[in-house]
Protein chains: 2
Amino acid sequence: MHQPDHLKSAGLKSTLPRLKVLDLFENSKERHLSAEDVYKQLLSSGEDVGLATVYRVLTQFEQAGLLVRHHFEGGKSVFELNKGEHHDHIVCLQCGHVEEFFDTAIEARQENVATTLGFTIRDHSLHIYGDCTKKDCPHKP
Amino acid sequence: MHQPDHLKSAGLKSTLPRLKVLDLFENSKERHLSAEDVYKQLLSSGEDVGLATVYRVLTQFEQAGLLVRHHFEGGKSVFELNKGEHHDHIVCLQCGHVEEFFDTAIEARQENVATTLGFTIRDHSLHIYGDCTKKDCPHKP
DNA sequence: TATACAAATGATAATCGTTCTTATTTGCAT
DNA sequence: ATGCAAATAAGAACGATTATCATTTGTATA
């Protein structure tokens with residue numbers, strides 16, 4: 001798990017808001033949280049944080065490599081704990097549920113495409129949007 | 001080329017602003033334009049359009065299938081003429097140049113992934129970000 | 001061709017997500 | 001305990017986009 005050390009080694013003081021945010025990501029059943037999500041959940045847990053602080057902390061955690069930021073459609077950024085391994089996302093347009101996947105073939109072809117076009121890949125984002133046909137969508141937003 | 005018919009068949013009156021916007025996309029050497037881009041270019045061409053109209057028209061054109069909207073990183077939407085054929089994008093982080101590509105293998109694997117996870121694909125977006133290693137990047141933003 | 005009316009426009013206010021500012025508080029080394 | 005740099009909270013500011021609404025413009029009809 002994450003001790004305050006994680007923060008310290010990232011050059012960040014281990015303050016209350018930072019610990020709370022980290023806690024939330026580790027204990028929430030929802031892997032993908034927006035700044036607004038984090039803010040609201042902390043408030044309803046009785047914590048007294050400012051929205052500006054949430055944004056600041058999320059950005060710092062991203063830069064420290066603790067979180068990964070995603071730009072899904074809809075304008076708002078979504079964060080998740082950095083598991084170290086890259087993966088892409090498939091998002092249900094009906095219930096907002098997000099599943100992660102990794103496909104070696106796709107990754108390989110991307111390298112291929114980039115090389116062909118004379119690019120060096122720095123990053124990429126693949127988002128599939130669809131309908132999750134499972135009987136019970138557990139996550140209604 | 002696009003005649004006013006295109007608008008009419010989309011259920012849109014062929015008004016001056018709409019024709020101008022369509023013209024711009026057909027005659028601009030830059031395929032990918034943001035709302036702000038369109039607005040500024042029309043103004044500097046002596047046209048007198050409102051920014052709100054540009055946004056409205058772009059959205060209508062997207063819904064009518066004349067344009068395709070992309071959400072690249074950076075917060076703003078970018079539009080391009082709908083060529084009918086799907087393609088993905090690779091964006092140069094240095095100069096902002098956008099290249100289009102289509103890879104059958106990637107498309108096929110996506111279907112595969114979605115099926116495996118119990119999804120029906122509605123849409124997807126694959127953006128590769130990198131450095132375009134060509135000697136002269138022609139498009140400096 | 002004149003006209004009438006719904007549809008479209010332009011100016012501006014409002015909204016949304018996010019960042020900035022600043023006075024106050026807090027972690028932590030002394 | 002104490003001091004001070006770093007972090008915070010509140011709210012202003014911001015950029016992109018959308019909504020409002022009075023005015024204008026296509027276009028179908030007389």
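Since the structure is predicted, the reported quantities are computational estimates derived from the model, not experimental observations. Below, chains carry the letters A, B, ... as their sequence lines are ordered, and counting in each starts from 1. Computed over heavy atoms, backbone and side chain alike; hydrogens, waters and symmetry mates excluded.
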* Asked: Hey, can you pull the residues of residues 36-55 of chain A with a non-hydrogen atom under 4.0 angstrom from DNA chain C?
  -> A/L51, A/A52, A/Y55

Could you tell me the separation between the [atom1] atom of [X] and the [atom2] atom of [N], rounded to a whole number of Å?
X	N	atom1	atom2	value
B/L58	D/dT18	CG	C1'	13 Å
B/Q60	D/dT18	CD	P	12 Å
A/K76	D/dT18	NZ	P	15 Å
B/H71	D/dT17	NE2	C1'	11 Å
A/Q63	C/dT19	CD	C1'	13 Å
B/L7	C/dA8	CG	P	11 Å
A/L19	D/dA6	CG	P	19 Å

Under 3.5 Å: donor-acceptor pair, side chain of [X], backbone of [Y]:
X	Y	result
A/D23	A/K20	no
B/R31	B/L81	yes
A/N82	A/V68	no
A/R18	A/K13	yes
B/S28	B/E30	yes
A/D131	B/T120	no

* Asked: At how many degrees, to 10°, do the end axes of the helix from C/dT1-D/dA30 to C/dT30-D/dA1 meet when each uses five pairs?
  -> 20°

* To do: State the CG-CD distance between B/L24 and B/Q41, to the nearest 0.5 angstrom.
  => 5.0 Å

* What distance separates A/L7 CG from A/Q60 CD, expressed to the nearest 0.5 Å? -> 9.5 Å

* Residue A/S77, side-chain atoms from C-beta onward, closest of C/dT18, C/dG10, D/dT17 -> C/dT18

Verify whether one side chain among [X] and [Y] offers a donor that lies under 3.5 Å from an acceptor in the other.
X	Y	result
B/T115	B/N112	no
A/H86	A/H124	yes
A/E80	A/H87	yes

Per-pair distances, 0.1 Å, donor-acceptor, side chain in residues 50-58 of chain A, under 3.5 Å, sequence neighbours excluded:
none

Review item, nucleotides 23-27 of chain D N/O atoms under 3.5 Å of protein N/O:
| residue | atom | partner | partner atom | Å |
| --- | --- | --- | --- | --- |
| D/dT27 | OP1 | B/S14 | N | 3.4 |
| D/dT27 | OP1 | B/S14 | OG | 3.4 |

What nitrogen or oxygen pairs link the protein and nucleotides 22-24 of chain C at under 3.5 Å?
none

* How would you list all residue pairs meeting ring pair (Phe, Tyr, Trp, His ring centres under 6.0 Å) that involve residues 29-48 of chain A, not counting sequence neighbours? -> A/H32-A/H89

